[in-house]
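Down below is the structure, laid out as structure tokens.
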Amino acid sequence: MKKTRLAVLLSCSLITLAAQSAQYKVVELPMSELGQSAFPTDINNSGNVSANVQNIYLPVIDVSLINFELESLINNLTDIEAAKAGNLNAADYLLLYSFVTANRENQAFQQIAQRKSFVSSESMATLLPGFDLKTVSNDVYDGSTSTIVRGLNDFGYAVGAGQGGFYKLPYVLEDATERTYVLNDFYRRAFVQVNGSVVELPPPDTTVGGLSDAFDINSNNQVVGNGTTEIASATFQTSVDNCLDDTVRTDIPVESCLRTLNIALNSSPSTYAQRRGLIWQLDDQGNLLSTKELGLLLQPELDDTRIFSSTAVAINNNGIAVGESSADTVYRGRNYTNGAAAFFIGDQVSTINSDVDNFTSTAIDINDDDIAVGYVQKQVNGVLRKKMFMHNINTDVTSYQDGFFLGSSTVPSSMNNNGMVVGYGEVESSIGNRRNAGFLYNDVNKTFTDINTLIACDSPYSIQNANGINDNNEIAATALKKGKSTNVRGEVVLDSDGLEVEVDVVVAVKLIPIEGGSIEECNAVDDVNLPRQGAGSSWLLLLAFLGFGLRKLQRNA
């Protein structure tokens, strides 16, 4: 449904007055000039927003790594000699960008970041470089490493994870052939950025680089996440040993061999390694003081060789962390080992009061009143749906919310200290792909509201996911708006008739409460049969990144 102002035929002055009657003002964050799509993840009490930008505009192409003797390039580049010198016209830039990015993870090719992270005010976005390296020639970041920022505290410390910086390693094969490898030392490592400095948060086990993720940081500089604690696959360990043995390893650098294994570990960590939730403690200068390994909801026997995991995705200022753990569960009379919501208090791990219809559960956030929020997967009308829960740690009481309707999947993202919860939920009950909308749940008066009803009727934005909320009730959200399709150069795409192509663009917005504002009355116009050019591809993109845009947990396979 589209919303149209009831007073659309009134004077402009009346329309302006009516616009002020909404409950939230929408401010688009300044990231549309940085890349094609922006996804916020958190908002602190200063109103700053952490966000990730997908497909950064105008990444530098390293022509020194391109084989210009390839027939496909000879036949398709418009000015190959200029391209060899790095002077790329628009057509050749787009061709080489596609050529390079089609070879991600290939160690002979330049690696270009798929996403970069930022902390944004309403007027300026500041890069979080993660582990990106600076070029020697001009002292700027080379844009090779992908990062993802997830959490932000009130001091402006940002946490997330990123790839290790890529470097070139020359190597001479036994037959005297010279090759250049493009490598890094780890595929995914947690970090915290403190006052412009990036601090590594390594896992307890760093075999082939290991894996670690950071999701949240509290005001006491406690960072929560997860990391590898032990290689649990004998086959994988043998592969590591073979990499390190010059007499066994094939004619490749040891660094190349280890990176191949780290990619495999990242692709399927639950196959190769034990992972546990972690709390990294920092001092006021951002130095890492200690790493605490969190437990599980089950206690494996000493001879149990199965792989289990836990993770912490949020921590309040009381030091209580929440997330998920492997757990022994019973669902409809059958025993399972599934993920279950986990609350980490000291050395103890507990979970929600589950019911027989719950298949899995996940805790997403916790406020300073020790109220946790998350979701369960349960059968609703014969279909597994995600349903929001709230759990009071102190009283051990779990409650459930229906969302927009009984069968609506409802996924919370964040909760503040005012009892306000935001996230996204299904707003239509169709059988196929269901449309989502950001929601605001008030636990004080038990109201569940589509955030789109809280903004002006004539707003160009459709709020798809509310990703974070601070104690001022300001909300960081993912929105769709109509805009011009752009390529990776930031240029507007034209159709076969030379006309600009309009699409649904994914943007990061900040929603600011309007003092004295009220919900506007809007006409509902049936838009089922209205054409929406580009909406299909943009909607699929948004679905793919709803999890990416979530402030908190998405499971790794």
Side-chain angles (χ1 to χ4, degrees), residues 41-42 150 215-216 224 277 297 309-314 316 321-327 329 331 336 338-344 350-367 370-381 383-393 397-416 419-427 429 434-443 446 448-451 464-469 477-478 543 545-557:
T41 56
D42 200 5
R150 295 193 178 96
F215 290 88
D216 195 21
V224 291
L297 285 167
S309 67
S310 63
T311 187
V313 299
N316 66 10
V322 302
E324 184 180 307
S325 167
S326 300
T329 61
Y331 177 69
Y336 294 89
N338 280 333
F343 311 125
F344 305 96
S350 60
T351 190
I352 61 174
N353 296 312
S354 188
D355 64 43
V356 294
D357 291 325
N358 291 353
F359 185 55
T360 64
S361 59
T362 297
I364 298 293
D365 204 3
I366 183 170
N367 67 11
D370 300 340
I371 307 297
V373 66
Y375 66 86
V376 300
Q377 287 197 88
K378 62 187 303 183
Q379 288 274 353
V380 180
N381 298 327
V383 179
L384 273 178
R385 303 288 187 194
K386 296 176 180 178
K387 304 301 293 184
M388 187 174 95
F389 72 79
M390 299 182 72
H391 182 83
N392 189 315
I393 299 289
V397 173
T398 306
S399 60
Y400 297 87
Q401 288 71 38
D402 284 337
F404 291 117
F405 54 92
L406 179 61
S408 168
S409 282
T410 307
V411 180
S413 303
S414 176
M415 182 180 187
N416 68 11
M420 310 287 272
V421 181
V422 295
Y424 71 92
E426 295 170 338
V427 293
S429 56
R434 293 176 163 187
R435 187 168 57 88
N436 291 291
F439 72 78
L440 175 64
Y441 175 71
N442 187 330
D443 191 47
K446 310 302 180 186
F448 194 95
T449 307
D450 182 342
I451 290 179
Q464 304 296 309
N465 185 14
N467 306 82
I469 184 168
T478 305
L543 281 176
F545 284 94
L546 272 174
F548 166 62
L550 276 175
R551 175 175 173 239
K552 300 300 177 187
L553 175 69
Q554 291 296 304
R555 295 191 192 96
N556 292 311

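Computed from a predicted model, the values in this text were never measured in an experiment.
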Just verifying a value: how many Å separate [X] [atom1] and [Y] [atom2], rounded to the nearest 0.5 Å?
{"X": "Asp216", "Y": "Ile364", "atom1": "CG", "atom2": "CD1", "value": "11.5 Å"}
{"X": "Lys386", "Y": "Thr360", "atom1": "NZ", "atom2": "OG1", "value": "8.0 Å"}
{"X": "Tyr441", "Y": "Gln401", "atom1": "OH", "atom2": "CD", "value": "4.0 Å"}
{"X": "Thr449", "Y": "Phe404", "atom1": "OG1", "atom2": "CZ", "value": "8.0 Å"}
{"X": "Thr410", "Y": "Lys387", "atom1": "OG1", "atom2": "NZ", "value": "4.5 Å"}
{"X": "Asn338", "Y": "Glu324", "atom1": "CG", "atom2": "CD", "value": "9.0 Å"}

Of the non-hydrogen atoms in [X] and [Y], which two are nearest, and what is the gap between them?
{"X": "Gln377", "Y": "Leu384", "value": "C-CD2, 4.0 Å"}
{"X": "Ser408", "Y": "Gly425", "value": "OG-C, 4.1 Å"}
{"X": "Val313", "Y": "Ala363", "value": "CG2-O, 3.4 Å"}
{"X": "Val427", "Y": "Ala437", "value": "CG1-CB, 3.5 Å"}
{"X": "Gly407", "Y": "Glu426", "value": "O-OE1, 3.8 Å"}
{"X": "Asn436", "Y": "Gln464", "value": "O-OE1, 3.2 Å"}

For Thr478 and Asn467, test the side chains for any donor-to-acceptor distance below 3.5 angstrom and give the result as yes or no. yes

Short side-chain to backbone donor-acceptor contact, [X] and [Y], under 3.5 Å:
{"X": "Thr311", "Y": "Gly323", "answer": "no"}
{"X": "Asp443", "Y": "Lys446", "answer": "no"}
{"X": "Asn316", "Y": "Asn367", "answer": "yes"}

Before giving the answer on side chain to side chain contact (heavy atoms under 4.5 Å, CB included), spell out for His391 and Thr351 the whole-Å C-alpha distance, their side-chain angles and the decisive distance to 0.1 Å. CA-CA 9 Å; His391 182 83; Thr351 190; over 6 Å; no

Please verify the inter-ring angle class for Phe343 with Phe389; under 30° counts as parallel, over 60° as perpendicular, anything in between as tilted. perpendicular

